[in-house]
Amino acid sequence: MPEEHPLIEMEREIAGGDFQRAGDVSSELKNILQRAGFPPAFNRRVVIASYEAEMNVVIHAYRGVFRARVYSDRVHVEIDDQGPGIPDLELAFQEGYSTAPPHIREMGFGAGYGLSNMKKCSDVLVIDTRVQEGTKVVMDFFLSPSNS
Ligand SMILES: Nc1ncnc2c1ncn2[C@@H]1O[C@H](COP(=O)(O)OP(=O)(O)OP(=O)(O)O)[C@@H](O)[C@H]1O
Ligand SMILES: [Mg+2]
């Protein structure tokens with residue numbers, strides 16, 4: 001069966017360390033989803049997970065590309081970065097675990113809840129990471145019959 005064509009496609013660069021523009025990409029996706037008329041509860045979980053993934057590039061990586069494909073009944077998001085990679089994924093998923101340095105924590109980041117939040121908010125989460133190369137996060141969100 002051929003892949004259904006997305007209603008909307010989005011591709012944006014994310015710059016590591018750029019706290020001025022941090023969060024802009026997930027805000028843009030939020031606007032797109034709102035305009036598309038998806039239920040607020042659905043949009044919320046897509047945007048929360050996307051924001052966490054975007055911030056992980058800003059905080060932990062050098063640069064990344066954010067891609068979203070919006071379909072009538074689901075949203076597909078990919079965040080592909082060049083960065084240090086994640087040596088121990090199981091450890092990284094633990095709530096409260098963070099390698100964020102003190103100056104990042106002073107800005108209010110680095111509580112160590114981003115990955116677990118992404119897992120809670122998404123229906124499918126796949127992470128492919130290579131130390132000293134980068135990390136690719138793929139998430140799918142399905143619009144459920146209960147509309148969220
Ligand atoms: N894209 C990434 N590249 C390299 N390391 C990452 C990446 N994403 C997460 N990590 C590693 O996994 C750890 C846990 O990530 P997580 O998002 O759960 O917490 P955090 O980013 O440290 O803090 P928070 O998300 O609560 O602000 C990070 O501290 C970091 O060591
Ligand atoms: Mg994080």
Side-chain angles (χ1 to χ4, degrees), residues 3 6-36 38-71 74-144 146-148:
E3 193 47 357
L7 304 172
I8 303 157
E9 280 184 277
M10 174 182 168
E11 181 173 318
R12 294 288 179 271
E13 304 279 333
I14 302 169
D18 186 352
F19 286 90
Q20 213 63 43
R21 297 192 305 158
D24 285 5
V25 174
S26 29
S27 294
E28 192 178 340
L29 179 59
K30 181 184 184 174
N31 289 331
I32 287 172
L33 296 174
Q34 284 175 343
R35 265 184 273 129
F38 287 103
F42 177 76
N43 295 347
R44 203 169 303 126
R45 63 189 184 93
V46 176
V47 171
I48 288 171
S50 298
Y51 175 78
E52 292 291 2
E54 179 184 3
M55 289 312 303
N56 279 353
V57 177
V58 174
I59 293 170
H60 305 292
Y62 313 134
R63 69 183 67 79
V65 179
F66 181 106
R67 294 184 184 87
R69 293 203 288 269
V70 179
Y71 299 87
R74 66 195 163 95
V75 175
H76 178 85
V77 175
E78 296 183 4
I79 301 97
D80 206 345
D81 75 43
Q82 290 170 280
I86 305 174
D88 186 340
L89 259 185
E90 200 186 325
L91 182 62
F93 265 96
Q94 282 179 22
E95 297 190 339
Y97 175 83
S98 176
T99 58
H103 74 275
I104 297 289
R105 288 169 196 259
E106 275 161 28
M107 292 190 275
F109 304 107
Y113 281 81
L115 288 171
S116 69
N117 238 346
M118 285 155 61
K119 188 161 195 134
K120 279 180 200 150
C121 290
S122 61
D123 296 304
V124 180
L125 167 63
V126 178
I127 298 183
D128 182 12
T129 184
R130 277 161 232 267
V131 172
Q132 286 176 26
E133 287 184 29
T135 300
K136 184 175 183 178
V137 174
V138 179
M139 296 185 286
D140 283 287
F141 306 87
F142 305 115
L143 201 57
S144 72
S146 63
N147 269 348
S148 58

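As the structure lists them, so they are numbered: ligands from 1, and atoms in each ligand from 1. Here, residue 1 is the first one in the sequence, and each next residue gets the next number.
Residue side and main chain included, M55 places no N/O/S atom under 2.8 Å of the Mg ion (ligand 2).
Atom CG of residue D24 and atom CG of residue L29 lie 12.5 Å apart, to the nearest 0.5 angstrom. Atom CZ of residue F109 and atom CD of residue E52 lie 9.5 Å apart, to the nearest 0.5 angstrom.
Under 4.0 Å is where a charged nitrogen must lie from a carboxylate oxygen, and between E95 and K120 at least one such pair does. Residues R21 and D18 are paired through a salt bridge, judged by an N-O separation under 4.0 Å between the basic side chain and the carboxylate.
The 4.0 Å heavy-atom shell around ligand 1 contains residues E52, N56, H60, D81, P84, G85, I86, A92, Y97, S98, T99, F109, G110, A111, G112, Y113, G114, L115, T135, ordered by chain and number.
Considering E133, Q132, R63 as possible partners of Q82, the one that fulfils the side-chain hydrogen bond (donor to acceptor under 3.5 Å, both in side chains) test is R63.
When all heavy atoms of C121 and R45 are compared, the pair lying nearest together is O-NH1, 3.0 Å.
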